[in-house]
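Comments concern the structure below.
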Amino acid sequence: MDEIIEIYKKQKLSGIIKQEDFLERVGEKVNQMGGLCDNRTAAMLVAHDLGAGDTGEGTGSEVHKVADIAPGTGNVRLIARVMTVFPAKEFNRNDGTIGRVANLIVADETGSIRLTLWDDKADLVKTGDISVGQTFQISGYVKEGYSGVEVNVGNNGVLCETDEKVEASVASTKISDIKNGMGDLNLRARVLDIADIRTFNRKDGSTGRVTNITVGDDTGKIRVTLWDEKTDLLSGLRINDSIEIINAYARENNFSQQVEVQVGNRTIVKKTDKEIAYSENFTPISDIIPGESYSIKGSVSGIGERRDFTRDDGTENSVSNIYVSDDTGRIRIALWGEHAGLIDEVDIDTEVEIIDAFSKSGFNDEIELSAGNRTRIVVL
DNA sequence: CCCCCCCC
């Protein structure tokens, strides 16, 4: 209580508010923050709310925007939403005490920045009092860290949850820059294809759900894998929607050897209004070599028959074939399953786009494309 | 952590 009164005096608040009212408001603040604020922090915040100019470290009246924070900014106050929480770590100080440190990524409408929390503030991560999606009033000091400018919040800093609504904007990675192993990945992209949801059994006996979407931006496209409850997002998605994927990670798929974006527990996927440019990269037919995925564009130059067959494993399927020609050559397309019906929709000379078909050396050692369930076909 | 590249 003494320290609250000390702040009351130090901030020369007697001309603004009665001491007892100040104490009451501090109490309200503590309750409002759900126990996340101590008395001293709450007192500084109330003082700030009352327009006090110097409430200690970083609590000057100006609220900084993330984009304005530079290495020389000094103490800052910001209001930002937690985008990522990294686990807290302990370390030994030279004086024999155990220090704690934790990192967050927070964002406001101007960008995102890393917060480094020390000791008591880092403990809030350990106790689960800080999680993705919460918005905080933050006061700390700016420092150049390992991965750029960051805000350090120590014992004199402030980290208080607030109800204030903050639009979070995070720098996005271009698809062509995505590398295996990347974390903390944010993308803005256009939905190009949406697959069905599949269920599978885990080794522990539980049932999982998984699905994929293909997304593109002006630098390329990538397969996105959504797990379990994240597959529910599909019901709200349509092809050509613009989406933001926040806090995803990139992993090479053991099966395809391609890097994919993984949408896990902590990843946020949401639609945006922003138009995202994407143009399909069509390969000239004569450049196709076996063992890759390609998109081609051309005119139908041959139409075969539909055939129903039984696979070795007993499942039924259908296949039909068309030929497609462009300026550089002609190729056979095997149309599997639902694509087999395409032969009824096209005539000779119909323009088509065959997107994401897999090339292989087929019948008579000729290169052909397989249009399977990862392939999208557009009839123009 | 899951999956196709199958037919004649």
Quick one: name the residues clustered hydrophobically with A/Phe309, using the 4.5 Å side-chain heavy-atom rule over I, L, V, M, F, W, Y, and just say none if it's on its own.
A/Val319, A/Trp336
What contact category does A/Thr225 fall into here, base, sugar-phosphate, or nothing, at under 4.0 angstrom with non-hydrogen atoms?
base
NA contact type, A/Glu260, heavy-atom cut-off 4.0 Å: base, sugar-phosphate, or nothing?
base
Checking all strands, does A/Arg223 fall into the base, sugar-phosphate, or nothing category for heavy-atom contacts under 4.0 angstrom?
base
A/Glu368 (side chain) and B/dC7 (base): donor-acceptor pair under 3.5 Å
yes
Applying a 4.0 Å non-hydrogen cut-off, can you work out what A/Arg332 is touching in the nucleic acid: base, sugar-phosphate, or nothing?
base
side-chain hydrogen bond (donor to acceptor under 3.5 Å, both in side chains) partner of A/Asn321, chosen from A/Arg306, A/Glu305, A/Arg332:
A/Arg332
5'-most by nearest nucleotide on DNA chain B - A/Lys360 or A/Gly264
A/Gly264
How is A/Glu316 classified with respect to the nucleic acid when contacts are heavy atoms under 4.0 Å: base, sugar-phosphate, or nothing?
nothing
Quick one: which residue pairs count as a side chain to side chain donor-acceptor pair (under 3.5 Å) with a foot in residues 338-348 of chain A, not counting sequence neighbours?
none
Quick one: is B/dC1 close enough that its OP1 or OP2 comes under 4.0 Å of any side-chain N or O from A/Asn254?
yes
What nucleic acid atoms does A/Ala334 come within less than 4.0 Å of, heavy atoms only: base, sugar-phosphate, or nothing?
base
With no hydrogens and no angle check, just 3.5 Å: does a side-chain donor-acceptor pair link A/Ser301 and A/Arg330?
yes
Kindly state whether the pair A/Trp336 / B/dC6 counts as stacked, where counting means centroids closer than 5.5 Å and planes tilted less than 30° apart.
yes
Among B/dC2, B/dC1, B/dC7, the nucleotide that comes nearest once only the side chain of A/Asp228 is considered
B/dC1
When all nucleic acid strands are considered with a 4.0 Å heavy-atom cut-off, which category describes A/Asp308: base, sugar-phosphate, or nothing?
nothing
